[in-house]
Amino acid sequence: MIIWLNGTHGAGKTTTSTLLQELLPGSRIFDAEKVGETLMDIRPGLPATDNFQHWPPWRPLVVETARRLLEYTGGTLVMPMTVLVEHYWREISDGLDSYGIPLRHFVLHVEQDALRDRIQNDAVLGPPRFRFQYVEPYAEAYRTWLGDEAEVVDTTHIPPLEVARRIAAAVEKEPAVGRDPR
């Protein structure tokens, strides 16, 4: 099974994925950003873009890598990755579904003021402009499709460990048996 943690930069995906992995025996974390980093290392470089998700090979490579990892290790993959373009999400979720891989899609949601505050006051990463660039696109995706597509966990007022516990409880209560019909 795959547990996909979606949400904008600063929502707590990385922290939650680490805590969630500790709560789910036999699970592993697979950060699909590493697939994008591999594509960024190709020389000469691929066509210029502001986001590696726009490169057509990224999405099927994420699906294929996740499939191969699950085939090799079994268990659960926890995948913290922001995907805000609905078409890209469909490519990924349809690809996983075509292999019969159960998928639980969670969005870690944060109210905009709290999100901006988190990004601005991040003691580890600082307030990188990159993270602020995605606040509005996330809000639009959440409003138009993402909020209905995934299981939403509002992280505005709860700590990451509680977020991880809620997701683990949801997965244990109702394991994925195929594609979520939503």
Side-chain angles (χ1 to χ4, degrees), residues 1-108 110 118-119 122-135 137-138 141 146 149-150 153 155 160 163-164 167-168 171 176:
M1 166 173 50
I2 290 176
I3 299 171
W4 195 290
L5 302 181
N6 205 340
T8 194
H9 307 277
K13 295 180 306 298
T14 301
T15 301
T16 300
S17 67
T18 300
L19 296 167
L20 184 59
Q21 188 269 328
E22 293 170 4
L23 295 171
L24 298 174
S27 64
R28 291 179 165 73
I29 297 171
F30 167 44
D31 187 346
E33 188 165 324
K34 301 301 181 189
V35 174
E37 290 173 6
T38 297
L39 292 174
M40 291 185 327
D41 285 343
I42 292 174
R43 299 291 174 250
L46 298 175
T49 183
D50 64 341
N51 186 331
F52 57 72
Q53 291 185 16
H54 298 321
W55 286 324
W58 180 78
R59 299 171 302 276
L61 284 171
V62 166
V63 170
E64 195 59 31
T65 304
R67 176 182 80 87
R68 295 290 181 161
L69 284 170
L70 284 172
E71 188 177 85
Y72 181 63
T73 64
T76 298
L77 287 182
V78 177
M79 296 182 63
M81 186 73 215
T82 300
V83 178
L84 301 180
V85 177
E86 184 176 12
H87 173 74
Y88 296 173
W89 176 251
R90 295 278 171 246
E91 280 187 57
I92 292 167
S93 61
D94 288 351
L96 295 171
D97 187 54
S98 74
Y99 288 117
I101 299 171
L103 173 65
R104 292 291 293 269
H105 182 201
F106 292 89
V107 169
L108 306 187
V110 186
R118 280 187 198 179
I119 294 170
D122 188 319
V124 177
L125 296 176
R129 180 168 145 46
F130 171 81
R131 293 167 82 196
F132 282 117
Q133 286 178 299
Y134 287 92
V135 172
Y138 166 76
L146 189 55
E149 172 69 27
V153 180
T155 69
V163 174
I167 294 169
V171 169

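Side chains are part of it too, since the values below use all heavy atoms of this structure and drop only hydrogens, waters and symmetry mates. From a predicted model like this one, the values you see are computed outputs, not experimental measurements.
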For Ile119 and Gly10 the tightest heavy-atom approach is CG1-CA, 4.4 Å
What is the minimum heavy-atom distance between Ser17 and Val78, and which atoms define it? CB-CG1, 3.7 Å
Please name all residues satisfying salt bridge (Lys or Arg N to Asp or Glu O under 4.0 Å) with Glu91, sequence neighbours left out, ordered by chain then number. Arg59
Of all residues at least two apart in sequence or in a different chain, which pass the side chain to side chain contact (heavy atoms under 4.5 Å, CB included) check with Leu24? Ile3, Leu20, Ser27, Ala168, Glu172
Approximate separation, where rounding is to 0.5 Å, of Met1 CE and Leu96 CG: 13.0 Å
Got Trp4 and Val83 here, is their nearest side-chain heavy-atom distance under 4.5 Å? yes
What residues, two or more places apart in sequence or in another chain, satisfy salt bridge (Lys or Arg N to Asp or Glu O under 4.0 Å) together with Arg28? none
Got a list of side-chain donor-acceptor pairs under 3.5 Å for residues 36-51, not counting sequence neighbours?
{"residue": "Thr38", "atom": "OG1", "partner": "Lys34", "partner atom": "O", "Å": "3.1"}
{"residue": "Arg43", "atom": "NH1", "partner": "Met40", "partner atom": "O", "Å": "3.0"}
{"residue": "Thr49", "atom": "OG1", "partner": "Asn51", "partner atom": "N", "Å": "3.3"}
{"residue": "Thr49", "atom": "OG1", "partner": "Asn51", "partner atom": "O", "Å": "3.2"}
{"residue": "Asp50", "atom": "OD1", "partner": "His54", "partner atom": "NE2", "Å": "3.4"}
{"residue": "Asn51", "atom": "OD1", "partner": "Gln53", "partner atom": "N", "Å": "2.8"}
{"residue": "Asn51", "atom": "ND2", "partner": "Tyr134", "partner atom": "OH", "Å": "3.2"}

Say you draw a straight line from CZ of Arg118 to OG1 of Thr155; how long is it, rounded to the nearest 0.5 Å? 4.0 Å
Gap separating the OH atom of Tyr99 from the CG atom of Leu70, nearest 0.5 angstrom: 12.5 Å
Give me the ring orientation class for Trp58 and Phe52: parallel if the planes are under 30° apart, tilted from 30 to 60°, perpendicular past 60°. tilted
How would you list, by chain and number, every residue that makes a side chain to side chain contact (heavy atoms under 4.5 Å, CB included) with Ala141, sequence neighbours excluded? Leu84, Trp145, Leu146
Nearest-0.5 Å distance that lies between atom CG in Leu5 and atom OG1 in Thr82: 10.0 Å
Partner residues of Thr65 under the side chain to side chain contact (heavy atoms under 4.5 Å, CB included) criterion, sequence neighbours left out: Phe30, Val35, Leu69
So, do Phe106 and Thr16 sit near enough that their side-chain heavy atoms are less than 4.5 Å apart? no
For residues 69-81, which residue pairs pass the side-chain hydrogen bond (donor to acceptor under 3.5 Å, both in side chains) check, not counting sequence neighbours? Arg67-Glu71
Just how far is it from atom CD1 of Ile2 to atom CD1 of Ile101, taken to the nearest 0.5 Å? 5.0 Å
Distance col, row Asp31:CG vs Met79:CE, nearest 0.5 angstrom, shows 8.0 Å
Output all residues satisfying ring pair (Phe, Tyr, Trp, His ring centres under 6.0 Å) with Tyr138, sequence neighbours left out; order by chain, then residue number. His109, Tyr142
All pairs passing salt bridge (charged side-chain N to carboxylate O under 4.0 Å, His left out) where residues 12-27 contributes a residue, at least two apart: none
